Amino acid sequence: MSEQVDQIALRRNKLAQLRQGGKPFPNDFRRDAYAGDLQNQYADTEFSENQVPIHVKVSGRLMTRRLMGKASFTHIQDSTGQIQLFLQKDQLGESIYDEFKNFDIGDILGAEGDLFRTRTGELSIRVKNIRLLTKALRPLPEKYHGLTDPEIRYRQRYLDLLMNDTTRSVFLTRAAIIQHIREFMISHRYLEVETPMMHPIPGGAVARPFITHHNTLNMDLYLRVAPELYLKKLVVGGFERVFEINRNFRNEGISTRHNPEFTMMEFYCAYADYHDFIDLTEELVKSLCQKVIGREQLNYQGQEIDFSGKFECYDMLQSILRFNPDISRKDLHDERAIRELANHLQIQVGSTDGIGKIQMEIFEKKVEQKLINPTFITGYPVEVSPLSRRNDKQPDISDRFEFFIAGREIANGFSELNDAEDQAERFQEQVNKKDAGDHEAMHFDADYICALEHGLPPTAGEGIGIDRLVMILTDSPSIRDVVLFPHLRHQQPPAE
RNA sequence: GGGGUGCUAGCUCAGUAGGUAGAGCAGCUGACUUUUAAUCAGCCGGUCACAGGUUCAAUUCCUGUGCACCCCA
């Protein structure tokens, strides 16, 4: 008889035998303890022969095993951690012990027995009974080096989560961050809402949308690029403080900082302005550092970032001059000079772009990446802020800020434009730009104008990029490390 | 869009100045009742990403394609 060599085939044979024995996938085992909880609870406990034994039932995945004739050690892993099992032939009986020897790494099992400490001091369970609950047909990656291939880590994230502690920890931290943000907002009297993901007109941000189609209505719909306009309609409707944590979709490039779908929190507060939101953002980010991460100094990819003390805040044009002493204030305000400057800096400028847009481009290229410690930038041109309120003193500047950490834009907020007629004019400007060939310009959203005409109270609004914030707080170099299933190209079958 | 790097066993990686490939772990057989990268003995396991080209001979050199990662725009 030829020897079985394929690990998967061997496991399938074992499953086939289980099927013959009936009930190959039982679901009647109930645990009463978790590995990690036991490790914490009994960290300092000594166990002696004459005390009443502590009996526990655990379940999880078989990760390692060391078979030594009539006794064996294995580790099983559940959602909280690992615990060692000690199995002896004379304790378990020959048939169960032989069954156990037939288990494979990766199998899911349930075990019960008494807690004890081995000679080397490791908390373990002296197993009295053990059962296979799910047969794993494929082997796990190697136990020592784990799984490092980034492609498999992303495509088969479950393997990454099983094998890599740091991956598990990043996503646990992500969940804790989002929970903390949600509680923070609720405690500030914000109402959590859900607004449409499918929009008849894409709006609320400058970005290329994904297009889909509704068959019954026979109409194209756009996956939302931002929830902004709907959230402000809710403020019109009297929900004076609202927030939404959810996905936005932008049909643009994929990189270490961009996934086509990404998570944003947007929130709006009536009778507040952008200064209030600068303060709120600082309070939120600081509380995340203190309560979730436990530190106010973080290292992000080798850079020290200091979240203690008052966050810096200054004006966009100031910041350009501050980081680029060779640029003069005069040049930034002169149409001909600034175009020349942009050209010199190898910035592509469109024919419809005004001074404000070019200033913004220069800022993005020459300043953004240098804003390492948490920094608010204000004074954005109205030209690049079609939904923001005009500044009372400088009508070409908007009441807007952006927030940066580690050279990355984390948040964007402003006092909302609640003048319906001004908003209609600005939409019209966007439409004119679109007609002139600017594909990024916004549509005219008459529905939104109608809502504004009913009266939007003076309101502040903001969006915070959750993925980028999580990247910084977990020291993750790529957005793919903080999104469970990042988008990758299809794996295509090999050519014929 | 441009440039760079990678793709070899289930996993982690060597290697071939062109002559069909190795290790560790995993797996299989056996020994072993306190191991923990268990140990010891023996064994199995490969379309060297894919397609062309050069060559007596290509996993290796060249070209293209795919996927991934990094950098730039």
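Order of the sequence lines sets the chain letters (A, B, ...), proteins ahead of strands, with each chain counted from 1. Keep in mind the model is a prediction, meaning the values are calculated, not measured.
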Which part of the nucleic acid, if any, lies within contact of A:Arg11, taking any heavy atom under 4.0 Å across all strands shown: a base, the sugar-phosphate backbone alone, or nothing?
nothing
Side chain of A:Gln7, heavy atoms from C-beta onward: which of B:U35, B:G10, B:U33 has the nearest atom to it?
B:G10
Show the distances under 3.5 angstrom between N or O atoms of the protein and N or O atoms of nucleotides 21-25 of chain B.
unit_1: B:C25; atom_1: O3'; unit_2: A:Lys143; atom_2: NZ; d: 3.4

What contact category does A:Leu488 fall into here, base, sugar-phosphate, or nothing, at under 4.0 angstrom with non-hydrogen atoms?
sugar-phosphate
A:Leu10 side-chain proximity, nearest of B:U33, B:C11, B:C28
B:C28
When rounded to the nearest Å, what value does the distance between P atoms of B:U8 and B:U59 take?
15 Å
Counting side-chain heavy atoms from C-beta on, which of B:C67, B:A73, B:U12 comes nearest to A:Thr148?
B:U12
For RNA chain B, which residues in residues 38-50 of chain A have a heavy atom at a distance below 4.0 Å?
none
Taking everything shown except A:Glu304 itself, do over 12 heavy atoms lie less than 6.0 Å from its CD?
yes
Nearest-neighbour nucleotide for the A:Ile105 side chain, B:C69, B:C28, B:A26 considered
B:A26
If we ignore hydrogens and angles and just use 3.5 Å, is the side chain of A:Arg257 paired with the main-chain N or O of A:Ser255 as donor and acceptor?
no
Categorize A:Asp149 for me: base, sugar-phosphate, or nothing, with a 4.0 angstrom heavy-atom threshold over every strand shown.
sugar-phosphate
Would you say A:Arg138 places a side-chain N or O within less than 4.0 Å of OP1 or OP2 belonging to B:G10?
no
Name the residue from A:Phe363, A:Phe311, A:Phe376, A:Tyr314 that meets the ring pair (Phe, Tyr, Trp, His ring centres under 6.0 Å) definition with A:Phe404.
A:Phe363
From C-beta outward on A:Lys365, which listed nucleotide comes closest to its side chain: B:A73, B:G10, B:U33?
B:A73
To the nearest angstrom, the CG-C1' distance between A:Asp481 and B:A68 comes to 14 Å
The side chain of A:Arg66 is closest to which nucleotide in this list: B:C28, B:C11, B:U35?
B:U35
To the side chain of A:Arg155, which of B:C67, B:U34, B:C28 is closest?
B:C67
Taking only N and O in the side chain of A:Arg489, is any of them less than 4.0 Å away from OP1 or OP2 of B:A68?
yes
Among B:C28, B:A68, B:U35, the one nearest A:Asp104 by side-chain distance
B:C28
Touch class at under 4.0 angstrom, heavy-atom based, for A:Ile8 against every strand present:
nothing
If you check every side-chain atom of A:Ser478, which of B:C70, B:C67, B:U35 has the closest atom?
B:C70
Between B:U20 and B:A57 - P atom distance, rounded Å
14 Å
Could you check whether A:Phe116 and A:Phe86 have their ring centres less than 6.0 Å apart?
yes
Side chain of A:Arg126 only, heavy atoms from C-beta on: which candidate in B:U34, B:C11, B:U33 is closest?
B:U34
Going by modelled atom types, is there a donor-acceptor pair between the base of B:U34 and the side chain of A:Arg119 at under 3.5 Å?
no
Classified by glycosidic angle (syn within 90° of 0, else anti), B:U20 comes out syn
Donor-acceptor pair, A:Thr375 side chain versus A:Glu312 backbone, under 3.5 Å?
no
Using a heavy-atom distance cut-off of less than 4.0 Å, which residues of residues 77-88 of chain A contact RNA chain B?
A:Gln84, A:Phe86, A:Gln88
Would you mind classifying the nucleic acid contact of A:Thr118 as base, sugar-phosphate or nothing, using non-hydrogen atoms under 4.0 angstrom?
base
Can you tell me whether the base of B:A17 sits syn or anti, using the 90° cut around 0 to define syn?
syn
